[in-house]
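Below is one structure, written out as structure tokens, with a few remarks after it.
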Amino acid sequence: MPIAGFDIVLIGVLLLVILVFFAGVKTVPQGYNYTIERFGRYRKTLTPGLNFIIPFIDRIGHKLNMMEQVLDVPSQEVITRDNATVTADGVTFYQVLDAARAAYEVLGLQNAILNLTMTNIRSVMGSMDLDSLLSNRDEINAQILRVVDAAAEPWGIKITRIEIKDINPPRDLVDAMGRQMKAEREKRASILEAEGKRQSEILKAEGEKQSLILEAEGRKESAFRDAEAREREAEAEAKATQMVSEAIANGDVQAINYFVANKYVEAFTALATSRNQKTLILPMEATSLLGSLSGIGEIAKEAFGDRDKPQRSSSGVPVTRTSPGEEQ
């Protein structure tokens with residue numbers, strides 16, 4: 001059966017409706033946003049999932065990646081505040097927060113972020129000395145991030161991180177820094193060595209001082225003891241002299257003989273024990289010493305009593321007592 005013209009038109013209209021339907025259905029993948037333009041003007045933003053637009057009137061303007069992205073910053077030369085030339089490169093992390101502003105507020109988003117980062121790297125690093133530049137990398141990153149993030153905020157961009165990867169001074173400058181560091185360490189070593197010697201001398205002097213103080217204290221104590229001994233000796237001598245004087249006053253001639261003989265014997269003892277004394281010559285008056293000794297003997301007899309007195313013969317020779325059967 002032949003197909004009528006009306007049927008052909010109906011089939012064509014049905015196919016057209018199907019094509020229009022599929023033209024109005026848009027699927028947005030996760031992590032992306034699409035901007036929709038109507039007659040060239042921004043109308044809305046499509047989020048991930050199934051979306052519908054008016055076919056032949058609305059169209060997709062820009063497809064924007066909403067995930068965090070990384071952008072390499074190429075190496076560039078930077079002149080520091082103390083006129084040192086260094087080469088620095090880095091990396092920038094950013095994320096699109098507003099797809100419409102990122103699409104229509106700036107032309108060439110990545111190129112804009114790259115140039116903005118490079119400019120602020122030169123600005124921040126150029127305001128610092130070389131020593132501060134090499135030792136304060138975290139501070140440099142924070143300053144660049146703060147400036148670039150504020151500048152990119154009107155574009156709907158969030159700068160999450162900026163990291164300086166390498167800072168390379170010239171080779172001759174590196175060698176000079178190495179020599180400077182070596183000289184500084186040698187200087188610190190010399191200072192520490194001198195400080196050690198100084199402390200050692202101080203401790204040595206302090207020890208000698210304490211030794212002298214202790215020695216002086218010892219001499220002082222020894223002198224005090226010697227003086228006390230001499231005082232005791234003098235007291236004993238005075239007391240002995242007093243007793244002898246009292247004995248003489250009472251008519252005891254043997255006491256004075258004992259006193260004089262004792263002094264006489266002490267004098268001869270000192271002469272005999274002298275280091276330089278090799279020969280001892282006694283004077284003619286040495287017999288007086290024997291008389292004094294006899295006086296000491298008489299005192300001893302009186303002290304021990306008559307029972308211990310030895311019997312003497314008429315010739316003055318002592319007689320020893322024997323048993324009745326023995327001959328004398």
Side-chain angles (χ1 to χ4, degrees), residues 1-76 88-124 140-166:
M1 179 179 177
I3 300 176
F6 178 77
D7 294 333
I8 294 175
V9 172
L10 183 60
I11 292 173
V13 171
L14 181 60
L15 291 175
L16 181 62
V17 170
I18 294 173
L19 290 176
V20 170
F21 176 78
F22 279 104
V25 175
K26 299 298 179 180
T27 303
V28 180
Q30 184 67 37
Y32 284 84
N33 280 358
Y34 292 173
T35 60
I36 301 300
E37 299 176 356
R38 179 173 294 179
F39 302 115
R41 183 178 180 180
Y42 169 75
R43 180 176 177 271
K44 66 177 182 178
T45 300
L46 301 182
T47 58
L50 184 64
N51 297 273
F52 297 94
I53 62 174
I54 300 176
F56 310 114
I57 297 178
D58 296 338
R59 68 180 185 90
I60 297 175
H62 295 83
K63 298 179 179 180
L64 297 175
N65 188 344
M66 304 300 290
M67 295 178 287
E68 185 174 6
Q69 303 176 65
V70 60
L71 185 63
D72 286 328
V73 180
S75 299
Q76 59 178 332
D89 61 355
V91 61
T92 301
F93 296 85
Y94 71 94
Q95 186 176 13
V96 177
L97 300 180
D98 190 333
R101 293 164 65 185
Y104 301 107
E105 293 292 337
V106 60
L107 180 62
L109 178 62
Q110 288 191 349
N111 186 51
I113 296 174
L114 180 62
N115 283 276
L116 185 62
T117 303
M118 294 178 64
T119 301
N120 283 278
I121 286 176
R122 288 195 300 268
S123 176
V124 173
I140 296 172
N141 295 336
Q143 291 186 17
I144 298 175
L145 175 62
R146 184 170 58 253
V147 175
V148 175
D149 184 49
E153 193 273 333
W155 304 338
I157 304 298
K158 174 64 178 176
I159 307 297
T160 56
R161 283 177 295 174
I162 295 179
E163 300 288 342
I164 301 298
K165 293 192 295 184
D166 292 319

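Bear in mind that the values here come from a model prediction, so they are computed numbers and not experimental data.
- Heavy atoms from other residues, nucleotides or ligands lying under 6.0 Å from CD1 of Ile18 number more than 12.
- From Arg101, atom CZ reaches atom OG1 of Thr45 across 12.0 Å, with rounding to the nearest 0.5 Å.
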From CA spacing to verdict: side-chain contact (heavy atoms from CB on, under 4.5 Å), Tyr34, Lys63: CA-CA 5 Å; Tyr34 292 173; Lys63 298 179 179 180; 3.3 Å; yes
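- The distance from atom OH of Tyr94 to atom CG of Leu116, rounded to the nearest 0.5 Å, is 13.0 Å.
- Here CZ of Arg43 is found 14.0 Å from CZ of Arg59. Values are rounded to the nearest 0.5 Å.
- In plain terms, the two heavy atoms of Ile157 and Ala102 that are nearest each other are CD1-CB, 4.1 Å.
- The distance from the OG1 atom of Thr117 to the CD1 atom of Ile162 is 4.5 Å, given to the nearest 0.5 Å.
- No side-chain heavy atom of Met66 sits under 4.5 Å from any side-chain heavy atom of Pro48.
- Contacts of Tyr104 classified as ring pair (Phe, Tyr, Trp, His ring centres under 6.0 Å), with partners at least two apart in sequence or in another chain: Tyr42, His62.
- Heavy-atom minimum distance, Asn51 versus Gly49: ND2-O, 3.1 Å.
- Remark: side-chain polar atoms of Thr119 are paired, donor with acceptor, to backbone N or O of Asn115 under 3.5 angstrom.
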Trace of the side-chain contact (heavy atoms from CB on, under 4.5 Å) decision for Ile144 with Thr92: CA-CA 10 Å; Ile144 298 175; Thr92 301; over 6 Å; no
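- The nearest pair of heavy atoms linking Val91 to Phe93 is CG1-CE1, 4.0 Å.
- Here the shortest heavy-atom pairing between Met118 and Gln76 reads O-NE2, 3.2 Å.
- Between Leu46 and Ile36, the closest side-chain pair of non-hydrogen atoms falls below 4.5 Å.
- Shown here are the side chain to side chain contact (heavy atoms under 4.5 Å, CB included) partners of Ser75, two or more places apart in sequence or in another chain: Thr87, Asp89.
- Annotation for Pro55 and Val20: closest pair CG-O, 3.1 Å, computed over non-hydrogen atoms.
- Between Leu71 and Ile113, the closest side-chain pair of non-hydrogen atoms falls below 4.5 Å.
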Extract all donor-acceptor atom pairs below 3.5 Å that involve side chains of residues 145-152 and protein atoms in other chains or at least two apart in sequence.
unit_1, atom_1, unit_2, atom_2, d
Asp149, OD1, Ile159, N, 3.1
Asp149, OD2, Lys158, NZ, 3.2

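- For the atom pair Glu105 CD and Glu153 CD, the distance stands at 10.5 Å (nearest 0.5 Å).
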Verdict with supporting geometry, Arg38 and Ile54, side-chain contact (heavy atoms from CB on, under 4.5 Å): CA-CA 9 Å; Arg38 179 173 294 179; Ile54 300 176; 3.2 Å; yes
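- Within 6.0 Å of CZ in Phe52 there are more than 12 heavy atoms belonging to other residues, nucleotides or ligands.
- Annotation: side-chain hydrogen bond (donor to acceptor under 3.5 Å, both in side chains) contacts of Asn120 (sequence neighbours excluded): none.
- Using a cutoff of 4.0 Å between basic side-chain nitrogens and carboxylate oxygens, Lys44 and Glu37 are not scored as salt-bridged.
- Remark: Arg161 pairs with no residue by the salt bridge (charged side-chain N to carboxylate O under 4.0 Å, His left out) rule, at least two apart or across chains.
- Scored by the side-chain hydrogen bond (donor to acceptor under 3.5 Å, both in side chains) test, Glu68 finds Thr160 as partners (sequence neighbours excluded).
- Between Leu64 and Ala99 the shortest heavy-atom distance is CD1-O, 2.8 Å.
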